[in-house]
Amino acid sequence: MQILPTSFALPPLPYLVVLLGGAGLVTALLSAAEPEIDQRAVVSLLPWMAIGGAFHAFEQLGLYPPLYEPLFGTPAVYLTTFLLTGGVWLALQAVGIVRGNEDTVVRNLGLVGTAIFVVLVVVRIWQSVAQPTFSPVWPAVSLIVALVVTALVVLAISLWRTPVFVRTRYAGPVVVFAHALDGVSTAVGADVVGASEQSPLPRLIMEFAGQLPTADLLGVGWLFLLVKLVIAAAIVVSFNRYLADEPAEGALVFSLIAAVGMGPATNNLFLFLAPAF
């Protein structure tokens, strides 16, 4: 059975060596710099996760020169995004140390990431607006629905287990939102836009949903969304004490879990602005 996405392919060896070496160097420098990492970092890293999804969308659209294209395929884009994020984080940490305001580093990391992401959104809209398939409706609908679903799930967790919400008050909603957006956008892609799912597991889930009596009424994407929400909520509930007891490690784990949802979700939304399926 296929496990990896159909587009998964390692970059040529020279690119791979540079990416792995750079990732190792950035990791070592971040470990030495010891930046403050807590739940606020999970929030600040959210736009950087979205940047990675946008980078890969541009690669799928063929917008990069051939020299740089291998840096933004799957899985190379994860390392490329990590290098950019880590490099900016190190620069902000150095500035914070010099100026004596290290407590603003995490906040500034989020602000810089948000600014870069906004630029990428503008570039994508500018690149798409002249195309006959340009339509911002479904990306906007996906975002709004994901926000509503996230609010409902977080509210349910807070009413059911209030201490869980208190312990994960920043990181928990980020994880739920990232996977809600991935689930909603994937459902929209399958049932509305007509996109084909490249990842085998979501495809199997939606193929199963297509065999259910509800397929004609609800489509096939709802089951994938439900699975994503259940898993995200279960992770938040199960690891809430770990996040409280080990703030730095827990924040990094929650960030990785959120990135698995936010990257593909952003990739979907960027592609849906002007579908070419």
Side-chain angles (χ1 to χ4, degrees), residues 18-56 58 68 71-72 75-123 147 150 154 165-179 181 235-236 239-263 265-266:
V18 170
L19 288 172
L20 290 176
L25 177 61
V26 169
T27 300
L29 291 175
L30 284 172
S31 298
E34 296 184 342
E36 182 181 5
I37 301 176
D38 54 22
Q39 292 195 49
R40 296 176 304 152
V42 183
V43 179
S44 292
L45 288 172
L46 187 65
W48 294 96
M49 304 170 197
I51 288 170
F55 280 166
H56 185 50
F58 288 149
Y68 302 109
L71 297 173
F72 302 98
V77 68
Y78 295 106
L79 293 174
T80 301
T81 305
F82 172 73
L83 288 176
L84 176 61
T85 306
V88 172
W89 201 343
L90 285 168
L92 292 173
Q93 181 74 6
V95 172
I97 292 174
V98 171
R99 294 185 175 180
N101 55 357
E102 294 179 65
D103 55 327
T104 64
V105 170
V106 171
R107 181 201 64 190
N108 292 339
L109 179 67
L111 292 175
V112 173
T114 301
I116 294 175
F117 180 67
V118 169
V119 171
L120 295 178
V121 170
V122 172
V123 170
L147 287 170
T150 300
V154 172
F165 173 76
V166 173
R167 296 188 193 102
T168 64
R169 56 189 175 276
Y170 298 128
V174 169
V175 169
V176 175
F177 170 71
H179 287 276
L181 187 58
I235 289 173
V236 172
F239 289 91
N240 73 93
R241 291 190 179 278
Y242 171 61
L243 184 61
D245 296 339
E246 301 290 343
E249 291 182 12
L252 291 176
V253 170
F254 270 62
S255 296
L256 289 173
I257 294 170
V260 174
M262 194 63 194
T266 308

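Side chains included, hydrogens not; waters and symmetry mates left out as well; all remaining heavy atoms used.
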Novice: Below 4.5 Å, heavy atoms only, C-beta onward: do L19 and F82 meet side chain to side chain?
Specialist: no

Novice: Working to the nearest 0.5 Å, report the span between OG1 of T27 and CG of L83.
Specialist: 8.5 Å

Novice: Does any non-hydrogen side-chain atom of F58 lie less than 4.5 Å from one of V123?
Specialist: yes

Novice: Measure across L120 and A54 and return the closest heavy-atom pair with its distance rounded to 0.1 Å.
Specialist: CD1-CB, 3.9 Å

Novice: For the atom pair CG (D245) and CG (N240), what is the distance rounded to the nearest 0.5 Å?
Specialist: 9.0 Å

Novice: Could you report the tightest heavy-atom contact between M49 and S255, atom names first, then the distance?
Specialist: CE-O, 3.4 Å

Novice: Do any N or O atoms from the side chain of S44 and from the backbone of L109 form a donor-acceptor pair under 3.5 angstrom?
Specialist: no

Novice: Quick one: list whatever passes side chain to side chain donor-acceptor pair (under 3.5 Å) with R40, sequence neighbours left out.
Specialist: E36, D38

Novice: Given F117 and T266, is the side chain to side chain contact (heavy atoms under 4.5 Å, CB included) satisfied, shown in steps?
Specialist: CA-CA 10 Å; F117 180 67; T266 308; 3.7 Å; yes

Novice: Is the shortest heavy-atom distance from the side chain of R167 to the side chain of L243 under 4.5 Å?
Specialist: no

Novice: Show me the pairs that pass side chain to side chain donor-acceptor pair (under 3.5 Å) and involve residues 168-179, at least two apart or across chains.
Specialist: H179-K228

Novice: From R107 CZ over to N101 CG, what is the distance, rounded to the nearest 0.5 angstrom?
Specialist: 8.0 Å

Novice: Got a second to check how far N108's CG is from L92's CG, nearest 0.5 Å?
Specialist: 6.0 Å

Novice: Once you round to the nearest 0.5 Å, how far does CD1 of I116 lie from CD1 of I51?
Specialist: 4.5 Å

Novice: Please give me the minimum heavy-atom distance between L30 and P35, naming the atom from each residue.
Specialist: O-CD, 3.1 Å

Novice: Might you confirm whether atom CZ of F72 has over 12 heavy atoms from other residues, nucleotides or ligands at distances under 6.0 Å?
Specialist: yes

Novice: Please find the pair of heavy atoms, one from A251 and one from V42, that lie closest to each other, and give the distance.
Specialist: O-CG2, 3.4 Å

Novice: So, for A178 and M262, which heavy atoms are closest and what is the spacing to 0.1 Å?
Specialist: CB-N, 3.7 Å

Novice: With rounding to the nearest 0.5 angstrom, report the CG to OG1 distance, L45 to T81.
Specialist: 12.0 Å

Novice: Are side-chain heavy atoms of T80 and Y68 found at a separation under 4.5 Å?
Specialist: no

Novice: I want to check something: taking the side chain as every heavy atom from C-beta on, are W48 and L84 in contact at a cut-off of under 4.5 Å?
Specialist: yes

Novice: Where is the tightest heavy-atom contact between F254 and A171, given as atom of each residue plus distance?
Specialist: CD2-CB, 3.6 Å

Novice: With side chain to side chain donor-acceptor pair (under 3.5 Å) as the rule and sequence neighbours excluded, what pairs involving residues 112-122 come up?
Specialist: none

